[in-house]
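Order of listing sets the numbers, starting from 1, for every ligand and every atom in it. Residue numbers count from 1 along this sequence.
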Amino acid sequence: TLVAGLFNPMWAGAAQPLVMGFSQVGAESEWRTANTASIKDAAKKDGITLKFADAQQKQENQVKALRSFIAQKVDVIAFSPVVESGWDTVLREARAAKIPVILTDRAVSVSDPSLYVTFIGSDFVEEGRKAGRWLLDFAKKAPNAELNIVELQGTVGSAPAIDRKKGFEEIIASNPKLKLSRSQSGDFTRAKGKEVMEAFLKAKDKKIDVLYAHNDDMAIGAIQAIEEAGLKPGKDIIIISIDGVKGAFEAMVAGKLNVTVECNPLLGPQLMQLARDVVAGKPVARRITTTEGVFPAEVAAKELPNRRY
Ligand code: GZL
């Protein structure tokens, strides 16, 4: 055993691969699929052992996953919290186990911000503002028209749903002709987005001029509902959405979507580097935001070949 021990890689100075526990929201949208692929690819390329858990958009599954990572004594925990609240207890357990936690994609609201080391993800309020600014410009072309807006919100209680609503309303408040008449959650999925849009259309109280969807998947579901109602998406009803997934570019090329605000899911490489720095005890920024653009239909055909997700 002594001889064998001498050849233990630990002794030979070979570092054990870093072990990351990652709890993912689910597989609800094209965005999420691209985000998962980026994380798995980056871990493989970086030689990081990834323990990956899909929570099917249920918080209790994420809490279970985090507890399992703690029990397995992983080196670092990273997760995308499905909703903002309800994380204090399990994050305290991670701290007690001296396992650093990195937030990716979505934020949490906790009593003690030191419960996580850093948060890498988009600025969702700014994404909502960008959607609002596009609509302000659009409304300038039809100055006198009052525009009746309906909104498909993301998952109730999630950071993107709360913040995208906040940013959009902050901007459109400057034009009293823009009226948000109905708003309901489509849970970021195509199926639910279609179902809620059908309900909006059936309400028949006021003609719908604009749909603001918190992600492309719900917008794509709504497009189906609009067509089934005999209306032209992108023309009879102007559609603004967020993510910038391939499906959105294809809908814009087909003239069925008017603009998508980019939300970059390709966080994998940055996350792996962050994890190494955190485990090595290096100082890291508390907040890392991703740079993102706005893609109106006019540029969709040119941009589509360049899209990486
Ligand atoms: C945003 C991310 C959201 C996407 C949706 O960073 O949390 O969740 O906008 C996804 O497509 O479901």
Side-chain angles (χ1 to χ4, degrees), residues 22-39 54-59 61-62 78-85 87 102-109 116 118-131 151-168 184-194 196-197 211-223 239-251 257 259-268 270-271 287-295 307-309:
F22 190 94
S23 167
Q24 179 60 295
V25 165
E28 72 283 1
S29 62
E30 280 184 60
W31 189 97
R32 190 63 57 193
T33 308
N35 180 246
T36 291
S38 173
I39 288 159
D54 174 329
Q56 287 94 37
Q57 287 188 283
K58 291 185 176 59
Q59 180 170 28
N61 290 344
Q62 288 202 287
F79 76 117
S80 169
V82 61
V83 292
E84 284 193 347
S85 56
W87 302 101
I102 296 173
L103 293 185
T104 79
D105 166 26
R106 297 185 184 179
V108 297
S109 57
Y116 61 89
T118 179
F119 165 37
I120 173 170
S122 307
D123 177 344
F124 301 131
V125 177
E126 186 53 26
E127 289 174 351
R129 292 195 191 102
K130 287 174 183 175
E151 179 183 35
L152 286 173
Q153 293 183 38
T155 301
V156 176
S158 68
I162 294 165
D163 291 353
R164 285 170 182 169
K165 182 172 190 52
K166 194 166 134 205
F168 182 74
Q184 199 178 325
S185 175
D187 211 16
F188 282 132
T189 67
R190 288 188 181 202
K192 201 88 175 71
K194 179 178 183 189
V196 175
M197 190 65 203
L211 164 64
Y212 169 48
H214 289 184
N215 83 330
D216 295 332
D217 285 73
M218 293 189 293
I220 290 165
I223 284 167
I239 306 179
I240 306 165
S241 81
I242 299 179
D243 276 352
V245 296
K246 208 155 273 154
F249 280 81
E250 287 155 356
L257 176 70
V259 59
T260 183
V261 173
E262 185 181 33
C263 175
N264 184 353
L266 308 179
L267 306 175
Q270 277 178 287
L271 173 60
R287 179 76 174 90
I288 300 156
T289 42
T290 34
T291 44
E292 299 159 344
V294 180
F295 295 92
R307 299 303 298 167
R308 294 186 299 149
Y309 64 92

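Contact residues for ligand 1 (protein heavy atom closer than 4.0 angstrom to any ligand atom): Glu28, Ser29, Trp31, Arg32, Asp105, Arg106, Phe124, Pro160, Arg164, Phe188, Asn215, Asp243, Cys263.
The side-chain contact (heavy atoms from CB on, under 4.5 Å) check on Ser38 picks up Leu266, Pro269, with sequence neighbours excluded. Residues forming a ring-ring contact (aromatic ring centres under 6.0 Å, His included) with Trp31 (at least two apart in sequence, or on another chain): none. For Thr118, there are no side chain to side chain donor-acceptor pair (under 3.5 Å) partners, not counting sequence neighbours.
Asp105 is listed as a side-chain neighbour of Arg32, based on a closest heavy-atom distance under 4.5 Å.
A salt bridge is absent between Lys130 and Glu127: the closest approach of a Lys/Arg side-chain nitrogen to an acidic carboxylate oxygen does not fall below 4.0 angstrom. For the pair Glu30 and Arg190, the salt-bridge criterion is met [side-chain N within less than 4.0 Å of a carboxylate O].
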